[in-house]
Amino acid sequence: MKTTPDFIDRCLILAKQAAEKGNSAVGALIVKDNYIISEAEEAVKTKSDITCHAEIEAIRQAVTTLMTNDLSDCVLYSTHEPCIMCSYAIRYYSIKEVIYLQPSQYLGGVSSALPLLTTPHVPPGWSNAPRIKRV
């Protein structure tokens, strides 16, 4: 059975691949029942699209793979604390847990003045805040 260090190691490999392509070194996974449902690397520069953060790319793939907008049985692993944009998507899709390695220097979903991952002030119908774990 895979463990958090195994999943973080995979994120680090994806981050290295992203950096080799000129993107920020970020990798992310969506895991359900201890299986990787989706994985992604940062692709902002290669796709010329600011929304192509690794976390959002992984969420897009998971939604397509699982054919649902309900990711409440899923865990997101990332090399970095999700930014506010990614945090919005995490909350919208009801991801139950976020596990990350590095804190964000700016606009993190946990550590900034806009802690979207942890605030109870979200639109009606959104899930409770996910469990957050920094490793």
Side-chain angles (χ1 to χ4, degrees):
M1 186 156 111
K2 293 192 177 192
T3 62
T4 293
D6 296 321
F7 293 129
I8 291 295
D9 285 347
R10 181 64 188 147
C11 289
L12 289 167
I13 290 168
L14 294 166
K16 183 179 179 196
Q17 292 172 343
E20 289 170 352
K21 295 173 185 168
N23 295 295
S24 295
V26 182
L29 308 173
I30 301 287
V31 174
K32 180 179 180 181
D33 298 327
N34 209 43
Y35 292 99
I36 297 172
I37 302 302
S38 64
E39 61 180 37
E41 59 188 56
E42 190 90 359
V44 170
K45 288 187 180 180
T46 53
K47 291 186 177 182
S48 298
D49 183 342
I50 191 63
T51 68
C52 291
H53 286 199
E55 297 90 344
I56 290 180
E57 293 286 273
I59 290 169
R60 286 175 176 146
Q61 289 175 26
V63 166
T64 299
T65 298
L66 297 173
M67 295 186 294
T68 182
N69 286 337
D70 180 6
L71 301 181
S72 61
D73 290 335
C74 297
V75 178
L76 183 140
Y77 291 85
S78 181
T79 54
H80 289 76
E81 174 187 350
C83 72
I84 294 168
M85 176 178 66
C86 295
S87 297
Y88 185 102
I90 290 164
R91 292 296 296 268
Y92 179 84
Y93 289 105
S94 304
I95 292 172
K96 72 176 178 180
E97 186 171 12
V98 175
I99 300 172
Y100 66 93
L101 187 60
Q102 299 290 328
S104 178
Q105 197 170 20
Y106 309 100
L107 298 175
V110 176
S111 63
S112 75
L114 302 168
L116 191 53
L117 275 180
T118 58
T119 184
H121 305 290
V122 294
W126 280 25
S127 66
N128 292 327
R131 289 186 305 272
I132 307 294
K133 182 177 179 185
R134 181 172 168 223
V135 293

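Quantities reported herein were computed from a predicted structural model and do not represent experimental measurements. For reference, positions follow the sequence shown, starting with 1.
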For [Y], is there any backbone N or O sitting under 3.5 Å from a side-chain donor or acceptor partner on [X]?
X	Y	result
Asn23	Thr46	yes
Ser112	Leu107	no
Gln61	Glu39	yes
Ser24	Val26	no

To the nearest 0.5 angstrom, please state how far the [atom1] atom of [X] sits from the [atom2] atom of [Y].
X	Y	atom1	atom2	answer
Cys86	His80	SG	NE2	12.0 Å
Lys96	Ser127	NZ	OG	12.0 Å
Gln102	Ile8	CD	CD1	10.0 Å
Glu41	Lys16	CD	NZ	12.5 Å
Thr4	Lys133	OG1	NZ	4.5 Å

All side chain to side chain donor-acceptor pair (under 3.5 Å) counterparts of Gln17, not counting sequence neighbours
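Per chain and number, Gln17 pairs via side chain to side chain donor-acceptor pair (under 3.5 Å) with no residue.
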Is there a path of hydrophobic side-chain contacts, each under 4.5 Å between heavy atoms of I/L/V/M/F/W/Y residues, joining [Y] to [X]?
X	Y	answer
Ile59	Leu66	yes
Ile37	Leu29	no
Ile13	Tyr77	no
Ile132	Ile95	yes
Leu101	Val98	no

May I ask you to test the [X]-[Y] pair for a side-chain heavy-atom distance under 4.5 Å?
X	Y	answer
Val122	Tyr92	no
Thr79	Leu12	yes
Leu117	Glu81	no
Phe7	Ile99	no
Val110	Tyr100	yes
Cys74	Lys32	yes
Ile90	Leu116	no
Leu71	Leu76	no

Crowding at CG, Asn128 (>12 non-hydrogen neighbours, <6.0 Å)
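At most 12 heavy atoms, drawn from other residues, nucleotides or ligands, come within 6.0 Å of this atom.
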Heavy atoms from other residues, nucleotides or ligands near CD of Gln105 exceed 12 (cutoff 6.0 Å):
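Check fails, neighbour count at 12 or below.
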Shortest non-hydrogen contact from [X] toward [Y]:
X	Y	value
Val44	Glu42	CG2-OE2, 3.5 Å
Ala54	Ala40	O-CB, 3.5 Å
Ala15	Gly27	CB-N, 3.7 Å
Arg10	Ile36	CG-CD1, 4.4 Å
Ser78	Glu55	OG-OE2, 2.9 Å
Cys11	Ala28	SG-CA, 3.9 Å

Under the side chain to side chain donor-acceptor pair (under 3.5 Å) criterion, do Asp70 and Thr68 qualify, and how do the steps go?
CA-CA 5 Å; Asp70 180 6; Thr68 182; 5.3 Å; no
Residues two or more places apart in sequence or in another chain: which of them pass side chain to side chain contact (heavy atoms under 4.5 Å, CB included) with Asp49?
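Asp49 satisfies side chain to side chain contact (heavy atoms under 4.5 Å, CB included) with Lys47, Thr51, Cys52 only.
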